[in-house]
Number of protein chains: 4
Amino acid sequence: MPEGVVDKREAILRAAGKVFAERGYHATGISDIARELGAGHGTFYRYFKNKEDIARSVVSRALGRISDALSDEDPGSAETLSQYREQVRRIGRKLFELVVAEPELGRILFYDAIAIDRAEPDLAGQAMEAAAAYTAAFIRNGQDRGFLRRDLDAHVVGLAVNGMIVTGAVRLLHVQDPAGMGQPWIHTVETLMFDGLGSS
Amino acid sequence: MPEGVVDKREAILRAAGKVFAERGYHATGISDIARELGAGHGTFYRYFKNKEDIARSVVSRALGRISDALSDEDPGSAETLSQYREQVRRIGRKLFELVVAEPELGRILFYDAIAIDRAEPDLAGQAMEAAAAYTAAFIRNGQDRGFLRRDLDAHVVGLAVNGMIVTGAVRLLHVQDPAGMGQPWIHTVETLMFDGLGSS
Amino acid sequence: MPEGVVDKREAILRAAGKVFAERGYHATGISDIARELGAGHGTFYRYFKNKEDIARSVVSRALGRISDALSDEDPGSAETLSQYREQVRRIGRKLFELVVAEPELGRILFYDAIAIDRAEPDLAGQAMEAAAAYTAAFIRNGQDRGFLRRDLDAHVVGLAVNGMIVTGAVRLLHVQDPAGMGQPWIHTVETLMFDGLGSS
Amino acid sequence: MPEGVVDKREAILRAAGKVFAERGYHATGISDIARELGAGHGTFYRYFKNKEDIARSVVSRALGRISDALSDEDPGSAETLSQYREQVRRIGRKLFELVVAEPELGRILFYDAIAIDRAEPDLAGQAMEAAAAYTAAFIRNGQDRGFLRRDLDAHVVGLAVNGMIVTGAVRLLHVQDPAGMGQPWIHTVETLMFDGLGSS
DNA sequence: TATGAATGAGTCTTCATTCAT
DNA sequence: AATGAATGAAGACTCATTCAT
């Protein structure tokens, strides 16, 4: 694929992501994206099949951003409980910073991905599964190494933990002071994961 | 408000909820709801301002169903940690059974509520806040009575815990055997809340 | 079907026929028909599936007009050659008068019917076949009764004779003095059919 | 005009004719022709003004093919009725073989020529006139030489005869066994022209 | 009160044409 | 001369909403 084509596709996805995040998938017209990009709207159809194709590509791109941000984190690297705790904190901070820096990502993944046609393939559902599998790999590593309890299904734990994270990310999009939200939130998740709520 | 009017409103909301859950908010036409209800579509406009008004009412009604299911659970009733654990399990089972029995509720709250026009008031966000406040009340009760740790913000804990629950409910809508999902899921949430993942 | 619905369909077909005849199928926009009818263009889609559906219905209606004009002519009624000659003249005059009175019919059948989507069912081709079969029935009657030669395939004769008639009708749409064209044209077709071109 | 330019024009017309015949004028995109030709679609606009110009040129080229096929037939050559009969049969066979060999020609002339924008100059109508004038010249020759009846307008006869021929050619495009259609068809036209339908 | 025919604003999508390279 | 990326006018079609009955 020639360089120019990739650039144009990228530019379209960036513009589309911005507008989808602002107005939402259904409220966004092709012409809105065209205006944002400063191009004729016929141009989109040279790079994408239709509006839904653009939207799905925007979501995929956003998922890629998340995935890139965590590419350094190897699910099998932690050897002790405290190493894993540290890893959880680090991942939490990375995700947190990513969403604070680009709230668009959150809006695209948590709002628009769900609003795109409820047909297969279910982009949001698939992404949630993939994310759970990733998190589960960490849990399974801990179970294999003996520092995490074995009586829980790693995949279910993965889903539950991700559920907390996603909820935090969504909340981030609505609070007055997103940056100040990070510390308490990460601390809460970490405490729930490793200590539980019981006193002392 | 006369009795008949309430009945008709209810009937419309029931029909609309069914169709929204099946097809999604944007893919649903007023005429689809009319067909489901067996009434002319002009009728809706005697009871609701517009399509969005119907959708918001459907979501509110669904929230009411959840709230009703938990009306017996008093956030201030648990006096000990083990009483609260038992209460958490009970609430978990209730929610679980509700969504298994009426998957519509899940689809309306987790998919359609988000797809409704991204304008204020943000129905989904408000609902999440309300739910978090409710859960936080339980946490605060435990903190006040001394059986839950005090170093966490009760509201943040409420959000995190609800995040796990919502994720489970969403997953329920997609698995082959929803009924079999309950036990492991509730157990996982309970363990995370009270014991943490550490081994022994 | 209620009376009003039939009327509206009819009114749409009349308006559409007029505009199609004037501008041609492809050059005609739904909005042109709407303007002609004095109705909103959304209205069409309550009565017809799409633009092609309207056009096919317009053509069918035009075919019906032709067929109605000839409904009195029984292919089996002529008992002698001279009776058949008279019948041919009479049919010629009827068709001639119909197209002179409503040139729209000609334009719709000979231009628009062909321009509508080249997909099956091939409206124009089917109509030509049906017309040939009708004419062939007259020929066959003459062959059976012995006053027409038997060495020609009646269906082929039907097609050839209709070919002459259609060509005349098309020409009618373009000449300065359509009414004056009738006599020589009918005479020519009659002569070719019954006498041949040879002198004396 | 340089040689190369003529070649390229020819190549474009050949490709365009092929695609128009396959899909029809309106369903054919400039890019379809470009793909068929294996050239960029911007190229067309160096040789033709626009899509309609290409189409009109394609039709003219097709008319030229017909005209070439009959270039040997001199309207004034027949000196007797039987010579003219023989000439009619020969012309019939030539046209027949041409359309069987290149059905494209038929589709272009009988379908596409009509579908091109209904603006002046009316290509199809003009062609029909020219063809009628050509046929009429044969008739007039016979009338002048005394072997054809004089009470018919030669031009009208020309149109009528051509109408039969065109109808046969159109039919050729649709039948299962085009080659087998020739003999009966030519025989029918010949019989109608010279003998009439009357028995014995 | 209930209906559903009518409406037309709004939207996606196509494709002939242009023009910088 | 040849190309094909870019463009935007044009057009078909949908559907929430209105209102006369």
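In this text the structure is predicted, and so the values were computed from the model without any measurement. Convention: sequence-line order gives letters A, B, ...; per-chain numbering from 1.
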Is C:Ala34 touching bases, backbone alone, or none of the nucleic acid, heavy atoms closer than 4.0 Å? nothing
Return the nucleotide paired to F:dC13: Watson-Crick means purine N1 to pyrimidine N3 with N6-O4 or O6-N4, wobble means G-U with N1-O2 and O6-N3, both under 3.5 Å. E:dG10
From E:dA5, F:dT3, F:dA6, nucleotide with atom closest to A:Arg46 side chain: F:dA6
Both C:Gly40 and D:Ser31 contact DNA chain E. Which one's nearest nucleotide lies toward the 5' end? C:Gly40
Could you check which nucleotide pairs with F:dA20 in any of the strands shown, counting Watson-Crick or G-U wobble with both distances under 3.5 Å? E:dT3
Separation of C:Phe20 CZ from C:His26 NE2 (nearest 0.5 Å): 10.0 Å
Separation of atom CZ in C:Phe44 from atom P in F:dC13, rounded to whole Å: 12 Å
Answer yes or no: does a side-chain N or O of D:Tyr47 lie under 4.0 Å from OP1 or OP2 of F:dA2? yes
By the definition salt bridge (charged side-chain N to carboxylate O under 4.0 Å, His left out), identify the one residue from D:Arg65, D:Arg61, D:Arg14 that meets it with D:Glu102. D:Arg65
May I have the distance from B:Leu37 (atom CG) to E:dG4 (atom C1'), rounded to whole angstrom? 14 Å
Within the structure, does a side-chain N or O atom of A:Lys8 lie under 4.0 Å from either OP1 or OP2 of F:dA6? yes
Whole angstrom is fine here: how far is it from NE2 in A:His26 over to C1' in F:dT14? 13 Å
Find the distance D:Asn50:CG to E:dC15:P and express it as a whole number of Å. 17 Å
A:Lys51 NZ/CZ over A:Tyr25 ring centroid, <6.0 Å and within 45° of normal: yes
Map D:Ala27 and D:Gly42 onto DNA chain E by nearest heavy atom, then report which one ends up closer to the 5' terminus. D:Ala27
Please test D:Asp117 against D:Arg56 for salt bridge (charged side-chain N to carboxylate O under 4.0 Å, His left out), starting from the C-alpha separation and ending with a verdict. CA-CA 10 Å; D:Asp117 283 338; D:Arg56 286 180 181 274; over 6 Å; no
Salt-bridged, A:Arg107 to A:Asp112, with N to O below 4.0 Å? no
In whole Å, what is the span from the CD1 atom of D:Ile54 to the C1' atom of E:dT17? 11 Å
B:Asp7 CG - E:dT1 C1' separation (whole Å): 15 Å
Rounding to an integer number of Å, can you tell me how far B:Phe48 CZ sits from F:dA16 C1'? 16 Å
Please report the distance, rounded to the nearest Å, between OH in C:Tyr25 and P in F:dG11. 13 Å
Verify the contact: side-chain N or O of D:Tyr45 to OP1 or OP2 of E:dT17, cut-off strictly under 4.0 Å; return yes or no. yes
Can you find a donor-acceptor pair, distance only, under 3.5 Å between B:His41 side chain and E:dA5 base? yes
What nucleic acid atoms does B:Gly29 come within less than 4.0 Å of, heavy atoms only: base, sugar-phosphate, or nothing? sugar-phosphate
Side chain of B:Ile30 only, please: which of F:dT17, F:dT3, E:dC12 is the nearest? F:dT17
Are OP1 or OP2 of F:dA6 and a side-chain N or O of A:Thr43 less than 4.0 angstrom apart? no
Ring-plane angle category for D:Tyr111 and D:His174, please: parallel below 30°, perpendicular beyond 60°, tilted otherwise. perpendicular
Of C:Lys49 and D:Gly38, whose nearest nucleotide on DNA chain F comes first from the 5' end? D:Gly38
